[in-house]
K.L.:
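First the structure, then my questions, so here it is.
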Amino acid sequence: MRIVVVGGGAAGLSSGLLLARAGHTVTVVDRALLAPAADVESAAAQAFRPSAPQVVQPHVVLARGRQLLAQRLPDVLDALLAAGAVESTLADELPPTLLDRSPRPGDEQLSMLMTRRSTFDWVLLHAAAGQARFTLSGGTTVTGLLAVPGPRPHVRGVVTDRAPIEADAIVDATGRRTPVAAWLAGLGARPVSSQAAECGLAYFSRHYRCRSGVPLPGPAASRVLMALDEFTAGLWAADNATMLFAVAPLVADHRFRAVTDPDVFNAALRTVPLFATWLDVLEPSSGVYAMGGLQNTLRRLVVDGSPVATGVYAVGDSVCTTNPTLGRGLTLALQNAADLVGVLAETGDPTAAALELDHRVGQHIEPLFRDQAETDAARLTELRHAVFGDPLPVLAAHAAERLDFARLRAAAQVDPIALRRFFRLFGMLEEPESVYADRKLVAHVDHVLRAADLPRPAQPTTAELEAAL
Ligand SMILES: Cc1cc2nc3c(=O)[nH]c(=O)nc-3n(C[C@H](O)[C@H](O)[C@H](O)COP(=O)(O)OP(=O)(O)OC[C@H]3O[C@@H](n4cnc5c(N)ncnc54)[C@H](O)[C@@H]3O)c2cc1C
């Protein structure tokens with residue numbers, strides 16, 4: 001098939017590579033130039049683009065994403081490691097409060113990949129440049145769809161600010177602000193199914209470099225995410241001795257309005273003792289990048305059992321976005337891309353393919369969207385209680401029969417069984433509901449939480465935080 005992929009971000013490039021390797025002729029079109037930079041440092045220096053501002057934010061490739069790369073794009077995984085990406089093993093992730101630190105069979109599956117997003121995209125661009133049946137058309141904006149209009153339009157290409165491109169199928173990889181639903185509606189299609197759940201956080205991040213020869217206070221592949229009383233903050237190791245910090249307060253928490261000032265950013269982080277020890281050995285290498293408008297979203301092109309259009313598929317953020325603190329986006333995009341390629345190998349019928357891809361979105365993506373929506377609702381309630389004094393809800397009656405993300409994470413701080421199930425959930429190796437509804441695990445976590453004196457992370461008082469801000 002001739003396939004046009006609209007959008008050359010991580011989802012578009014990985015889908016394009018997989019599709020070309022499956023024998024399709026692929027053109028990836030992006031409004032950005034997307035020429036691979038000379039090296040990863042140049043790629044990082046020129047990474048920011050308004051059409052994909054998240055590329056300068058911290059990124060981790062979760063265990064399931066690393067597994068998908070190893071299975072489906074092994075050359076890309078090898079090239080990432082050769083470009084300096086580092087693997088964070090479970091041993092790197094063990095909380096200091098865990099007493100039983102012995103390794104267990106299966107721990108090796110839980111490793112994640114730590115890399116700057118610009119390095120990830122740089123490696124994908126290089127792979128694309130050497131790929132047969134793959135054309136990258138950078139600097140080209142898609143402005144609409146070529147289609148047979150009607151109540152269920154059949155898409156047969158794209159209109160661009162240059163020449164139209166005809167295709168047997170198009171893939172929407174335009175990211176979180178996808179215009180495709182509006183284009184389809186303009187052709188007479190029914191509205192796509194669109195769900196949203198509040199994520200409620202603003203994201204501020206900054207890049208740092210490890211000083212050469214200076215010992216680090218933790219593993220070089222560290223990833224530390226702290227759900228503190230009044231905000232969330234984290235440290236992400238990345239390729240080539242770089243590290244990124246992020247501060248994620250409630251959007252409505254205006255005490256953080258000055259955190260875009262690099263000194264205020266550092267001061268806020270220094271209120272957390274663990275982060276202060278890291279800041280002592282790191283050299284800042286960027287300003288503070290801010291990102292708002294974060295939402296959990298799920299868009300589906302099949303509504304009430306029938307596709308709103310044929311000849312059009314979607315992958316990546318245009319299908320689903322989730323709270324970035326849990327780092328699910330790239331892994332969902334890789335899963336989505338693998339599913340698309342599998343579906344197109346199984347059937348050439350556009351209606352059957354649309355239905356089957358949507359079925360796999362229901363299997364592989366929707367459970368993560370729902371989990372994120374539920375986890376975020378609970379966390380937002382906690383934060384709003386701590387910051388604004390909003391009331392806490394009464395616990396639901398079923399709470400003792402089912403786990404949630406926060407309870408499992410709390411038990412994982414002190415218990416090796418809970419820790420491993422938590423990392424299987426976090427790494428997207430196991431579906432949320434199979435973890436939360438596991439009776440044995442529910443009882444075990446309950447026991448751990450009753451028996452243990454749970455550690456609280458050392459963190460600032462309100463007065464200390466406000467002084468820093
Ligand atoms: C703050 C933050 C932190 C994150 N952290 C993580 C993390 O740790 N781990 C993780 O896995 N995920 C993370 N994510 C999510 C991850 O960034 C996204 O899932 C990922 O970027 C999705 O890639 P994409 O290719 O779908 O979209 P994008 O990367 O946004 O790419 C879309 C592309 O489409 C192009 N485009 C759009 N419209 C047009 C048009 N009309 N014509 C031509 N081109 C067009 C754009 O130029 C862009 O290049 C994070 C996200 C945010 C916001």
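First listed ligand is number 1; within each ligand, the first listed atom is number 1.
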K.L.:
Considering the heavy atoms of Tyr203, write down every atom of ligand 1 situated less than 4.0 Å from one of them.
P.N.:
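Near Tyr203, meaning under 4.0 Å from one of its heavy atoms, ligand 1 has 1 (C).
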K.L.:
Any atom of ligand 1 sitting under 4.0 Å from a heavy atom of Arg117?
P.N.:
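It does, in that a heavy atom of Arg117 comes within the 4.0 Å cut-off of ligand 1.
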K.L.:
Among all protein heavy atoms in this structure, tell me which lies nearest to atom 2 (C) of ligand 1, with the distance rounded to 0.1 Å.
P.N.:
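Result for atom 2 (C) of ligand 1: Pro324 CB, 3.3 Å.
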K.L.:
Which residue holds the protein heavy atom closest to atom 5 (N) of ligand 1, what is that atom called, and what is the gap in Å?
P.N.:
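For atom 5 (N) of ligand 1, the nearest protein heavy atom comes out as Pro58 O, 3.1 Å.
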K.L.:
Quick one: which of Thr174, Leu62, Leu13, Val180 has a heavy atom closest to atom 37 (C) of ligand 1?
P.N.:
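Checking each option, the heavy atom nearest atom 37 (C) of ligand 1 is found in Thr174.
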K.L.:
In terms of atom number and element, which parts of ligand 1 are under 4.0 angstrom from non-hydrogen atoms of Ala173?
P.N.:
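Near Ala173, meaning under 4.0 Å from one of its heavy atoms, ligand 1 has 32 (C), 33 (C), 34 (O).
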K.L.:
Please confirm whether Gly327 comes within less than 3.5 Å of ligand 1 when only nitrogen or oxygen atoms on both sides are compared.
P.N.:
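Such a contact does occur with ligand 1.
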K.L.:
Check for a donor-acceptor pair, side chain of Ser318 on one end and backbone N or O of Asp172 on the other, with a separation under 3.5 Å.
P.N.:
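Side chain of Ser318 to backbone of Asp172, a donor-acceptor pair under 3.5 Å: yes, one is there.
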K.L.:
Taking all atoms of both residues into account, what is the closest heavy-atom pair of Leu269 and Ala233, and its distance?
P.N.:
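Here Leu269 and Ala233 meet closest at CD2-CB, 4.3 Å.
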K.L.:
Tell me if a side-chain donor or acceptor on Arg360 pairs with a main-chain N or O of Gln335 at a distance below 3.5 Å.
P.N.:
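No, the answer is negative, given that no donor and acceptor are paired below the 3.5 Å cut-off.
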K.L.:
Sub-3.5 Å donor-acceptor pair from the side chain of Thr178 to the main-chain atoms of Gly175, do we have one?
P.N.:
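Absent.
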K.L.:
What are the two closest heavy atoms between Leu244 and Gln57, and how far apart are they?
P.N.:
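Heavy-atom minimum between the residues: CD2-C, 4.0 Å.
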K.L.:
Looking only at distances, can you tell me whether any N or O atom of Ala10, backbone or side chain, sits closer than 3.5 Å to an N or O atom of ligand 1?
P.N.:
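Ala10 vs ligand 1: N/O contact under 3.5 Å present.
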K.L.:
Checking the side chain of Ser222 only, and the main-chain atoms of Gly218 only, is there a donor and an acceptor separated by less than 3.5 Å?
P.N.:
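Absent.
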K.L.:
Would you say the side-chain atoms of Thr297 and Thr321 include a donor-acceptor pair closer than 3.5 Å?
P.N.:
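Yes, side-chain donor-acceptor contact under 3.5 Å.
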K.L.:
With the threshold set at under 4.0 angstrom, would you say Thr140 reaches ligand 1 through any of its heavy atoms?
P.N.:
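Thr140: in contact with ligand 1 (<4.0 Å).
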K.L.:
With no hydrogens and no angle check, do the side chains of Asn323 and Arg379 hold a donor and an acceptor under 3.5 Å apart?
P.N.:
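Judged by distance alone, the side chains do not pair up.
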K.L.:
Which ligand 1 atoms, with their elements, are less than 4.0 angstrom from a heavy-atom of Leu294?
P.N.:
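Ligand 1 atoms under the 4.0 Å threshold to Leu294: 53 (C).
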K.L.:
Quick one: nearest non-hydrogen protein atom to atom 27 (O) of ligand 1, plus distance?
P.N.:
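The protein heavy atom lying closest is Gly175 CA, 3.6 Å.
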K.L.:
Can you check whether Arg31 has an N/O within less than 3.5 Å of an N/O in ligand 1?
P.N.:
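Indeed, backbone or side chain, Arg31 has an N or O that close.
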K.L.:
For ligand 1, find out whether one of its N or O atoms is nearer than 3.5 Å to an N or O atom of Asp317.
P.N.:
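Among all N and O atoms of Asp317, at least one is under 3.5 Å from an N or O of ligand 1.
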K.L.:
Do NZ/NE/NH1/NH2 and the carboxylate oxygens of Arg299 and Asp317 come within less than 4.0 Å?
P.N.:
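No, no charged N to carboxylate O under 4.0 Å.
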K.L.:
At what distance is the nearest protein heavy atom to atom 25 (O) of ligand 1, and which residue and atom is it?
P.N.:
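Among all protein heavy atoms, the one nearest atom 25 (O) of ligand 1 is Ala11 N, 2.9 Å.
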K.L.:
Are any of the N/O atoms in Val315 less than 3.5 Å from those in ligand 1?
P.N.:
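Looking only at distances, the answer is no, because the N/O contact criterion of under 3.5 Å is not met.
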K.L.:
Are Tyr203 and Tyr289 close enough that their ring centers fall under 6.0 Å?
P.N.:
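No: the rings miss the under 6.0 Å criterion.
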K.L.:
Of all the heavy-atom pairs spanning Leu294 and Pro324, show the shortest one and how long it is.
P.N.:
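What the structure gives for the nearest pair is CD1-CG, 3.8 Å.
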K.L.:
Please identify which atoms of ligand 1 are closer than 4.0 Å to at least one heavy atom of Arg49.
P.N.:
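Per the distance check, 48 (C), 49 (O).
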K.L.:
Using a strict 4.0 Å cut-off to heavy atoms of Gly7, name the atoms of ligand 1 that fall inside it.
P.N.:
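Those of ligand 1 that fall under 4.0 Å from Gly7 are 33 (C), 34 (O), 35 (C).
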K.L.:
Which one of Val29, Leu332, Asp30, Thr321 has a non-hydrogen atom at the shortest distance from atom 46 (C) of ligand 1?
P.N.:
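When every heavy atom of Val29, Leu332, Asp30, Thr321 is considered, Asp30 comes closest to atom 46 (C) of ligand 1.
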K.L.:
Can you report which non-hydrogen protein atom sits closest to atom 31 (O) of ligand 1, along with the distance?
P.N.:
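I find the closest protein heavy atom is Gly9 CA, 3.6 Å.
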K.L.:
Return the orientation label for the Phe426 and Phe423 ring planes: parallel under 30°, perpendicular over 60°, tilted otherwise.
P.N.:
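Phe426 vs Phe423 ring planes: perpendicular.
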K.L.:
Under 4.0 Å from a heavy atom of Gln54: give me the atoms of ligand 1 that qualify, with their elements.
P.N.:
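Result: 17 (O), 21 (O), 28 (P), 29 (O), 30 (O), 51 (C), 52 (C), 53 (C).
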K.L.:
Between Val60, Leu334, Thr322, Leu330, flag the one that comes closest to atom 9 (N) of ligand 1 by a heavy atom.
P.N.:
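Shortest heavy-atom distance from atom 9 (N) of ligand 1: Val60.
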K.L.:
With heavy atoms of Ser51 as the reference, note each atom of ligand 1 found under 4.0 Å away.
P.N.:
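The atoms of ligand 1 under 4.0 Å from a heavy atom of Ser51 are 46 (C), 47 (O).
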K.L.:
Only heavy atoms of Gly316, strictly under 4.0 Å: list the atoms of ligand 1 that pass.
P.N.:
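Reading through ligand 1 atom by atom, the close ones are 26 (O).
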K.L.:
On a heavy-atom basis, which atom in Pro432 and which in Asp371 lie closest, and how many Å separate them?
P.N.:
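Closest approach of Pro432 to Asp371: CG-CB, 3.7 Å.
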K.L.:
Could you check whether any side-chain N or O of Arg117 sits under 3.5 Å from a backbone N or O of Pro58, counting only pairs where one atom can act as donor and the other as acceptor?
P.N.:
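Side chain of Arg117 to backbone of Pro58: no pair is present.
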K.L.:
Starting from atom 41 (N) of ligand 1, locate the nearest protein heavy atom and write down its residue, its atom name and how far away it is, to 0.1 Å.
P.N.:
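For this ligand atom, the closest protein heavy atom is Val142 O, 3.0 Å.
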K.L.:
Looking at Phe245 versus Phe275, is the centre-to-centre ring distance below 6.0 Å?
P.N.:
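Centroid separation for Phe245 and Phe275: below 6.0 Å.
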K.L.:
Under 3.5 Å, N or O to N or O, is His59 touching ligand 1 that way?
P.N.:
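Yes - when backbone and side-chain N and O of His59 are compared with those of ligand 1, one distance drops under 3.5 Å.
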